[in-house]
**Q** 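There's a structure below that I have some questions on.
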Amino acid sequence: MARSPFYRILLFAWIVVLLMDGVHASDGDADPIYKACVEQCEKTGCVGGKCFQHCKFLSDGKPEGGPWYLQEPLYLQWKQWDCRSDCRYHCMLTREEEREKLGGKPVKYHGKWLFRRAYGFQEPVSVALSALNLAIQFHGWVSFFILIYYKLPLTPRKKNYYEYTGLWNIYGILSMNSWFWSAVFHSRDVELTEKLHFSSAVALLGFSLILAILRAFSVRNEASRVMVSTPVIAFVTTHILYLNCYNLDYGLNIKVCVAMGVAQLLIWAVWAGVTHHPSWSKLWVAVVGGSLAMLLEIYDFPPYHRFVDAHALWHATTIPLTYLWWSFAKDDAEFRTSSLHKKAK
(Lines give C-alpha, C1' and ligand atoms only; values in the text may rest on other atoms or scores of the structure.)
Protein backbone atom coordinates (compact mmCIF):
# COMPACT_ATOMS: atom_id res chain seq x y z
CA MET A 1 0.00 0.00 0.00
CA ALA A 2 2.81 2.41 0.87
CA ARG A 3 4.79 1.68 -2.31
CA SER A 4 2.24 3.18 -4.69
CA PRO A 5 2.14 6.78 -3.33
CA PHE A 6 5.89 6.75 -2.83
CA TYR A 7 6.62 5.92 -6.45
CA ARG A 8 4.05 8.43 -7.67
CA ILE A 9 5.77 11.21 -5.76
CA LEU A 10 9.16 9.93 -6.93
CA LEU A 11 7.92 10.08 -10.54
CA PHE A 12 6.78 13.66 -9.92
CA ALA A 13 10.26 14.55 -8.60
CA TRP A 14 11.84 13.15 -11.76
CA ILE A 15 9.47 15.17 -13.95
CA VAL A 16 10.41 18.32 -12.00
CA VAL A 17 14.11 17.69 -12.65
CA LEU A 18 13.44 17.27 -16.37
CA LEU A 19 11.43 20.48 -16.46
CA MET A 20 14.18 22.36 -14.62
CA ASP A 21 16.69 21.33 -17.29
CA GLY A 22 14.37 22.70 -19.94
CA VAL A 23 14.10 26.20 -18.50
CA HIS A 24 16.06 28.77 -20.48
CA ALA A 25 16.08 32.55 -20.11
CA SER A 26 15.43 34.66 -23.20
CA ASP A 27 17.67 37.55 -24.22
CA GLY A 28 15.44 40.62 -24.58
CA ASP A 29 18.13 42.84 -23.03
CA ALA A 30 20.42 41.87 -25.95
CA ASP A 31 17.93 43.39 -28.41
CA PRO A 32 19.84 46.19 -30.24
CA ILE A 33 16.71 48.39 -30.35
CA TYR A 34 16.30 48.10 -26.59
CA LYS A 35 20.00 48.76 -25.94
CA ALA A 36 19.94 51.82 -28.18
CA CYS A 37 16.86 53.11 -26.38
CA VAL A 38 18.53 52.80 -22.96
CA GLU A 39 21.71 54.52 -24.17
CA GLN A 40 19.72 57.35 -25.72
CA CYS A 41 17.60 57.75 -22.59
CA GLU A 42 20.66 57.99 -20.33
CA LYS A 43 21.97 60.79 -22.55
CA THR A 44 18.73 62.75 -23.07
CA GLY A 45 16.67 61.68 -20.07
CA CYS A 46 13.67 60.88 -22.30
CA VAL A 47 11.91 57.83 -23.77
CA GLY A 48 9.46 58.93 -26.44
CA GLY A 49 7.56 61.84 -24.94
CA LYS A 50 8.32 60.92 -21.31
CA CYS A 51 11.30 62.56 -19.60
CA PHE A 52 12.86 61.96 -16.17
CA GLN A 53 14.20 64.79 -14.07
CA HIS A 54 16.88 62.68 -12.39
CA CYS A 55 18.39 61.83 -15.82
CA LYS A 56 19.35 65.47 -16.41
CA PHE A 57 22.93 66.30 -15.42
CA LEU A 58 24.88 69.54 -15.03
CA SER A 59 28.22 70.18 -16.72
CA ASP A 60 30.11 68.88 -13.68
CA GLY A 61 28.30 65.52 -13.95
CA LYS A 62 26.02 66.08 -10.95
CA PRO A 63 22.26 65.54 -11.34
CA GLU A 64 20.26 68.67 -12.00
CA GLY A 65 18.13 69.56 -8.98
CA GLY A 66 20.26 67.54 -6.56
CA PRO A 67 20.63 63.77 -6.01
CA TRP A 68 18.01 61.64 -7.80
CA TYR A 69 16.71 60.16 -4.54
CA LEU A 70 15.75 63.64 -3.28
CA GLN A 71 13.69 64.34 -6.39
CA GLU A 72 11.19 61.54 -5.72
CA PRO A 73 8.23 61.67 -3.30
CA LEU A 74 9.24 60.52 0.17
CA TYR A 75 7.28 57.25 -0.08
CA LEU A 76 9.14 56.33 -3.30
CA GLN A 77 12.68 57.31 -2.29
CA TRP A 78 13.49 53.95 -0.66
CA LYS A 79 12.75 52.16 -3.96
CA GLN A 80 15.76 53.84 -5.64
CA TRP A 81 14.11 54.57 -8.99
CA ASP A 82 17.24 56.12 -10.48
CA CYS A 83 17.96 57.19 -14.07
CA ARG A 84 19.08 53.76 -15.27
CA SER A 85 16.16 51.84 -13.73
CA ASP A 86 13.61 54.27 -15.15
CA CYS A 87 15.27 54.22 -18.58
CA ARG A 88 15.33 50.43 -18.62
CA TYR A 89 11.72 50.14 -17.48
CA HIS A 90 10.26 52.56 -20.03
CA CYS A 91 12.44 51.23 -22.85
CA MET A 92 11.28 47.70 -22.05
CA LEU A 93 7.67 48.91 -21.96
CA THR A 94 8.03 50.70 -25.31
CA ARG A 95 9.83 47.76 -26.92
CA GLU A 96 7.24 45.23 -25.71
CA GLU A 97 4.38 47.39 -27.01
CA GLU A 98 6.10 47.51 -30.39
CA ARG A 99 6.68 43.76 -30.31
CA GLU A 100 3.02 43.16 -29.43
CA LYS A 101 1.83 45.27 -32.36
CA LEU A 102 3.99 43.22 -34.71
CA GLY A 103 2.56 39.98 -33.33
CA GLY A 104 5.71 38.97 -31.49
CA LYS A 105 5.85 37.13 -28.17
CA PRO A 106 7.04 38.76 -24.93
CA VAL A 107 10.66 38.16 -23.96
CA LYS A 108 12.62 38.47 -20.74
CA TYR A 109 14.93 41.36 -19.97
CA HIS A 110 17.93 40.82 -17.72
CA GLY A 111 16.58 37.33 -16.98
CA LYS A 112 13.12 38.50 -15.86
CA TRP A 113 9.73 39.30 -17.34
CA LEU A 114 8.55 42.87 -17.65
CA PHE A 115 5.89 43.88 -15.08
CA ARG A 116 3.84 47.04 -15.16
CA ARG A 117 4.41 49.21 -12.10
CA ALA A 118 1.44 50.28 -10.00
CA TYR A 119 1.42 52.68 -7.02
CA GLY A 120 5.22 52.53 -6.90
CA PHE A 121 5.33 48.72 -6.70
CA GLN A 122 7.31 46.76 -9.27
CA GLU A 123 5.13 43.61 -9.08
CA PRO A 124 1.92 44.74 -7.32
CA VAL A 125 0.06 41.41 -7.49
CA SER A 126 2.97 39.43 -6.03
CA VAL A 127 3.39 42.06 -3.31
CA ALA A 128 -0.28 41.81 -2.31
CA LEU A 129 -0.23 37.99 -2.31
CA SER A 130 3.03 37.90 -0.33
CA ALA A 131 1.47 40.21 2.28
CA LEU A 132 -1.61 37.97 2.43
CA ASN A 133 0.60 34.90 2.89
CA LEU A 134 2.40 36.72 5.70
CA ALA A 135 -0.97 37.43 7.37
CA ILE A 136 -2.07 33.78 7.04
CA GLN A 137 1.24 32.57 8.46
CA PHE A 138 0.89 34.95 11.40
CA HIS A 139 -2.68 33.80 12.04
CA GLY A 140 -1.62 30.14 11.87
CA TRP A 141 1.34 30.59 14.19
CA VAL A 142 -0.64 32.63 16.76
CA SER A 143 -3.50 30.09 16.80
CA PHE A 144 -0.93 27.30 17.26
CA PHE A 145 0.74 29.23 20.09
CA ILE A 146 -2.59 29.82 21.87
CA LEU A 147 -3.56 26.15 21.49
CA ILE A 148 -0.27 24.89 22.92
CA TYR A 149 0.10 27.25 25.87
CA TYR A 150 -3.50 28.09 26.82
CA LYS A 151 -5.80 25.27 25.71
CA LEU A 152 -3.95 21.97 25.90
CA PRO A 153 -3.03 20.40 29.27
CA LEU A 154 0.46 20.97 30.65
CA THR A 155 2.81 18.67 32.52
CA PRO A 156 3.14 18.92 36.32
CA ARG A 157 6.20 21.09 35.63
CA LYS A 158 4.00 23.49 33.60
CA LYS A 159 5.54 22.47 30.30
CA ASN A 160 3.63 21.37 27.22
CA TYR A 161 3.50 17.71 26.25
CA TYR A 162 4.01 18.24 22.53
CA GLU A 163 7.65 17.49 21.71
CA TYR A 164 7.76 19.53 18.50
CA THR A 165 6.49 22.85 19.83
CA GLY A 166 9.84 24.61 19.51
CA LEU A 167 10.32 23.38 15.95
CA TRP A 168 6.92 24.68 14.84
CA ASN A 169 7.56 28.02 16.55
CA ILE A 170 10.85 28.41 14.66
CA TYR A 171 9.11 27.36 11.45
CA GLY A 172 6.45 30.05 11.98
CA ILE A 173 9.04 32.77 12.55
CA LEU A 174 11.10 31.76 9.52
CA SER A 175 7.95 31.60 7.38
CA MET A 176 6.86 35.11 8.35
CA ASN A 177 10.38 36.39 7.77
CA SER A 178 10.45 34.79 4.31
CA TRP A 179 7.10 36.25 3.23
CA PHE A 180 8.06 39.69 4.54
CA TRP A 181 11.19 39.77 2.38
CA SER A 182 9.20 38.34 -0.52
CA ALA A 183 6.87 41.35 -0.34
CA VAL A 184 9.84 43.74 -0.13
CA PHE A 185 11.62 42.07 -3.05
CA HIS A 186 8.57 42.18 -5.32
CA SER A 187 8.08 45.83 -4.37
CA ARG A 188 11.53 46.71 -5.68
CA ASP A 189 13.99 44.27 -7.19
CA VAL A 190 17.53 45.39 -6.32
CA GLU A 191 20.53 43.29 -5.35
CA LEU A 192 20.01 43.73 -1.59
CA THR A 193 16.30 42.80 -1.62
CA GLU A 194 17.02 39.88 -3.96
CA LYS A 195 19.68 38.50 -1.62
CA LEU A 196 17.43 38.87 1.42
CA HIS A 197 14.54 37.23 -0.41
CA PHE A 198 16.61 34.28 -1.64
CA SER A 199 18.38 33.82 1.70
CA SER A 200 15.19 33.84 3.76
CA ALA A 201 13.49 31.39 1.36
CA VAL A 202 16.45 28.98 1.47
CA ALA A 203 16.57 29.18 5.28
CA LEU A 204 12.84 28.39 5.47
CA LEU A 205 13.10 25.43 3.06
CA GLY A 206 16.12 24.06 4.89
CA PHE A 207 14.40 24.21 8.26
CA SER A 208 11.19 22.76 6.77
CA LEU A 209 13.26 19.78 5.62
CA ILE A 210 14.65 19.36 9.14
CA LEU A 211 11.12 19.55 10.57
CA ALA A 212 9.91 16.90 8.12
CA ILE A 213 12.74 14.51 9.02
CA LEU A 214 12.41 14.97 12.78
CA ARG A 215 8.61 14.61 12.82
CA ALA A 216 8.31 11.76 10.31
CA PHE A 217 10.98 9.69 12.05
CA SER A 218 9.83 10.73 15.56
CA VAL A 219 13.25 12.02 16.57
CA ARG A 220 12.77 13.26 20.14
CA ASN A 221 16.25 12.95 21.65
CA GLU A 222 18.10 16.28 21.58
CA ALA A 223 21.45 14.74 20.65
CA SER A 224 19.85 12.87 17.74
CA ARG A 225 18.13 16.04 16.59
CA VAL A 226 21.46 17.86 16.51
CA MET A 227 23.06 15.04 14.51
CA VAL A 228 20.23 15.11 11.95
CA SER A 229 20.01 18.89 11.69
CA THR A 230 23.72 19.75 11.48
CA PRO A 231 24.35 18.55 7.88
CA VAL A 232 21.25 20.37 6.60
CA ILE A 233 22.14 23.56 8.46
CA ALA A 234 25.72 23.37 7.14
CA PHE A 235 24.49 22.93 3.56
CA VAL A 236 21.94 25.77 3.81
CA THR A 237 24.48 28.10 5.42
CA THR A 238 27.05 27.35 2.72
CA HIS A 239 24.53 27.98 -0.03
CA ILE A 240 23.41 31.29 1.51
CA LEU A 241 27.03 32.43 1.86
CA TYR A 242 27.67 31.42 -1.77
CA LEU A 243 24.70 33.50 -2.97
CA ASN A 244 25.58 36.54 -0.88
CA CYS A 245 29.37 36.58 -1.07
CA TYR A 246 30.32 34.87 -4.33
CA ASN A 247 27.65 34.54 -7.03
CA LEU A 248 23.93 35.34 -6.91
CA ASP A 249 23.11 32.44 -9.22
CA TYR A 250 19.34 32.39 -9.82
CA GLY A 251 19.36 29.07 -11.72
CA LEU A 252 21.38 27.26 -9.05
CA ASN A 253 19.20 28.69 -6.29
CA ILE A 254 16.02 27.44 -7.99
CA LYS A 255 17.51 23.94 -8.27
CA VAL A 256 18.55 23.91 -4.61
CA CYS A 257 15.13 25.15 -3.45
CA VAL A 258 13.23 22.66 -5.61
CA ALA A 259 15.49 19.81 -4.43
CA MET A 260 14.83 20.61 -0.76
CA GLY A 261 11.11 21.10 -1.48
CA VAL A 262 10.80 17.75 -3.28
CA ALA A 263 12.77 15.98 -0.53
CA GLN A 264 10.42 17.13 2.22
CA LEU A 265 7.35 16.38 0.10
CA LEU A 266 8.64 12.84 -0.38
CA ILE A 267 9.17 12.43 3.37
CA TRP A 268 5.71 13.75 4.28
CA ALA A 269 4.07 11.70 1.49
CA VAL A 270 5.61 8.42 2.64
CA TRP A 271 4.84 9.17 6.28
CA ALA A 272 1.22 10.02 5.44
CA GLY A 273 0.95 6.71 3.58
CA VAL A 274 2.20 4.52 6.43
CA THR A 275 1.09 6.39 9.56
CA HIS A 276 -2.22 6.07 11.37
CA HIS A 277 -2.30 9.78 12.16
CA PRO A 278 -5.89 11.07 12.50
CA SER A 279 -5.12 14.01 10.17
CA TRP A 280 -3.32 12.03 7.46
CA SER A 281 -5.85 13.27 4.90
CA LYS A 282 -4.93 16.93 5.56
CA LEU A 283 -1.29 16.02 5.17
CA TRP A 284 -1.96 14.31 1.84
CA VAL A 285 -3.90 17.29 0.51
CA ALA A 286 -1.06 19.60 1.56
CA VAL A 287 1.55 17.34 -0.08
CA VAL A 288 -0.36 16.94 -3.35
CA GLY A 289 -1.27 20.65 -3.40
CA GLY A 290 2.32 21.64 -2.69
CA SER A 291 3.55 19.34 -5.47
CA LEU A 292 1.17 20.85 -8.01
CA ALA A 293 1.97 24.38 -6.83
CA MET A 294 5.67 23.69 -7.30
CA LEU A 295 5.05 23.21 -11.01
CA LEU A 296 4.16 26.90 -11.19
CA GLU A 297 7.71 27.68 -10.06
CA ILE A 298 9.03 25.53 -12.90
CA TYR A 299 6.57 26.26 -15.69
CA ASP A 300 7.22 29.90 -16.47
CA PHE A 301 5.05 32.09 -18.71
CA PRO A 302 4.79 35.83 -19.50
CA PRO A 303 2.74 37.96 -17.06
CA TYR A 304 -0.92 38.27 -18.01
CA HIS A 305 -1.51 41.95 -18.83
CA ARG A 306 2.00 42.41 -17.36
CA PHE A 307 0.66 41.82 -13.83
CA VAL A 308 0.14 38.09 -13.11
CA ASP A 309 2.77 35.46 -13.92
CA ALA A 310 3.34 31.86 -12.78
CA HIS A 311 5.16 33.00 -9.64
CA ALA A 312 2.22 35.21 -8.62
CA LEU A 313 -0.14 32.26 -9.10
CA TRP A 314 2.17 30.17 -6.90
CA HIS A 315 1.80 32.84 -4.22
CA ALA A 316 -1.99 32.51 -4.55
CA THR A 317 -1.97 28.70 -4.19
CA THR A 318 0.14 28.82 -1.02
CA ILE A 319 -2.55 30.79 0.85
CA PRO A 320 -5.06 27.93 1.32
CA LEU A 321 -2.20 25.42 1.66
CA THR A 322 -0.70 27.47 4.50
CA TYR A 323 -4.04 27.53 6.34
CA LEU A 324 -4.33 23.75 5.91
CA TRP A 325 -0.72 23.19 7.00
CA TRP A 326 -1.18 25.02 10.28
CA SER A 327 -4.44 23.11 10.79
CA PHE A 328 -2.44 19.88 10.50
CA ALA A 329 0.19 21.21 12.95
CA LYS A 330 -2.54 21.95 15.52
CA ASP A 331 -4.14 18.54 14.98
CA ASP A 332 -0.75 16.89 15.45
CA ALA A 333 -0.20 18.81 18.68
CA GLU A 334 -3.62 17.72 20.00
CA PHE A 335 -3.01 14.10 18.95
CA ARG A 336 0.41 13.83 20.59
CA THR A 337 -0.67 15.75 23.71
CA SER A 338 -3.69 13.48 24.17
CA SER A 339 -1.56 10.33 23.84
CA LEU A 340 1.14 11.52 26.24
CA HIS A 341 -1.37 12.92 28.72
CA LYS A 342 -3.12 9.55 28.93
CA LYS A 343 0.20 7.77 29.48
CA ALA A 344 1.09 10.26 32.24
CA LYS A 345 -2.14 9.45 34.04
Side-chain angles (χ1 to χ4, degrees), residues 18-56 68 72 76 79-130 182-191 193-194 197-198 248-255 293 295-317:
L18 292 178
L19 287 172
M20 285 172 60
D21 289 337
V23 174
H24 299 284
S26 54
D27 54 353
D29 48 295
D31 182 356
I33 299 177
Y34 165 72
K35 293 172 71 174
C37 175
V38 174
E39 290 176 4
Q40 185 67 19
C41 174
E42 291 181 342
K43 291 178 181 177
T44 63
C46 299
V47 176
K50 188 174 182 63
C51 297
F52 317 109
Q53 178 65 29
H54 47 257
C55 281
K56 296 179 180 179
W68 59 264
E72 298 283 0
L76 289 179
K79 295 184 182 298
Q80 300 181 18
W81 297 126
D82 58 2
C83 178
R84 170 169 286 188
S85 63
D86 270 343
C87 283
R88 283 183 173 182
Y89 171 72
H90 287 282
C91 283
M92 286 188 287
L93 204 58
T94 301
R95 187 70 185 102
E96 284 302 290
E97 288 172 355
E98 294 172 354
R99 197 186 302 275
E100 188 176 343
K101 290 177 182 178
L102 296 173
K105 294 182 179 180
V107 296
K108 289 184 177 181
Y109 294 84
H110 308 285
K112 298 173 184 178
W113 296 112
L114 169 64
F115 289 86
R116 189 179 293 276
R117 296 175 186 172
Y119 303 105
F121 294 109
Q122 187 167 319
E123 300 176 37
V125 174
S126 290
V127 172
L129 292 172
S130 294
S182 173
V184 172
F185 167 72
H186 291 300
S187 299
R188 178 67 172 101
D189 177 4
V190 294
E191 185 178 358
T193 59
E194 189 172 28
H197 174 47
F198 284 1
L248 192 61
D249 190 330
Y250 178 78
L252 173 64
N253 187 60
I254 285 290
K255 291 179 180 179
L295 292 176
L296 291 171
E297 286 290 271
I298 307 301
Y299 178 67
D300 201 11
F301 58 83
Y304 182 69
H305 289 301
R306 299 196 180 94
F307 282 112
V308 181
D309 68 337
H311 189 69
L313 291 179
W314 175 76
H315 283 328
T317 60

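Nothing here was measured: the structure is a model prediction, and the numbers come from that model.
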**Q** For the residue pair His186 and His311, categorise the inter-ring angle as parallel (less than 30°), tilted (30 to 60°) or perpendicular (more than 60°).
**A** tilted
**Q** Using the salt bridge (charged side-chain N to carboxylate O under 4.0 Å, His left out) rule, collect all pairs that involve residues 302-315, keeping only residues at least two apart or in two chains.
**A** Glu100-Arg306
**Q** Hey, could you give me the SG/CE distance between Cys37 and Met92, rounded to the nearest 0.5 Å?
**A** 10.0 Å
**Q** In terms of side-chain geometry, is the basic nitrogen of Asp86 or Arg117 positioned less than 4.0 Å from the acidic oxygen of its partner?
**A** yes
**Q** What's the verdict on salt bridge (Lys or Arg N to Asp or Glu O under 4.0 Å) for Glu98 and Lys101, showing C-alpha distance, side-chain angles and the deciding distance?
**A** CA-CA 5 Å; Glu98 294 172 354; Lys101 290 177 182 178; over 6 Å; no
**Q** What's the separation between atom CG in Leu248 and atom CG in Asn253, rounded to the nearest 0.5 Å?
**A** 7.5 Å
**Q** So how far is it from Leu93 CG to Phe115 CZ, rounded to the nearest 0.5 Å?
**A** 13.0 Å
**Q** Looking at SG of Cys91 and CZ of Arg84, how far apart are the two atoms once the value is rounded to the nearest 0.5 Å?
**A** 12.0 Å
**Q** Side-chain contact, heavy-atom cut-off 4.5 Å: Glu96 with Pro106?
**A** yes
**Q** Under the salt bridge (Lys or Arg N to Asp or Glu O under 4.0 Å) test, which residues partner Glu97, sequence neighbours left out?
**A** none
**Q** What is the distance from atom OH of Tyr119 to atom OG of Ser187, rounded to the nearest 0.5 Å?
**A** 15.0 Å
**Q** For residues Pro303 and Val308, determine if any side-chain heavy atom of one lies less than 4.5 Å from a side-chain heavy atom of the other.
**A** no
**Q** Keeping the roles fixed (side chain from Thr317, backbone from Trp314), state whether a donor-acceptor pair exists under 3.5 Å.
**A** yes
**Q** Hey, are the side chains of Arg116 and Tyr89 touching, using non-hydrogen atoms and a 4.5 Å cut-off?
**A** yes
**Q** Among all residues two or more places apart in sequence or in another chain, which pass the salt bridge (Lys or Arg N to Asp or Glu O under 4.0 Å) test with Lys112?
**A** Asp189, Glu194
**Q** For the CD atom of Gln40 and the SG atom of Cys87, what is their distance to the nearest 0.5 Å?
**A** 10.0 Å
**Q** Please report the shortest heavy-atom distance between Val47 and His90, naming the atom on each side.
**A** CG1-O, 3.9 Å
**Q** Hey, does Val184 have a side-chain heavy atom less than 4.5 Å from the side chain of His197?
**A** no
**Q** Taking the side chain as C-beta and beyond, is there a heavy-atom pair between Gln122 and Phe185 under 4.5 Å?
**A** no
**Q** Does Phe301, at its CZ atom, have more than 12 non-hydrogen atoms belonging to other residues, nucleotides or ligands within less than 6.0 Å?
**A** yes
**Q** Looking at Phe121, is Arg188 sitting on its ring face, NZ or CZ under 6.0 Å from the six-membered ring centre and within 45 degrees of the normal?
**A** no
**Q** Do Lys35 and Asp31 come close enough that some side-chain heavy atom pair is under 4.5 Å?
**A** no
**Q** Under 2.5 Å between the SG atoms of Cys46 and Cys41: is that the case?
**A** no
**Q** Taking the side chain as everything from C-beta on, heavy atoms only, tell me whether Glu123 gets closer than 4.5 Å to Phe307.
**A** no
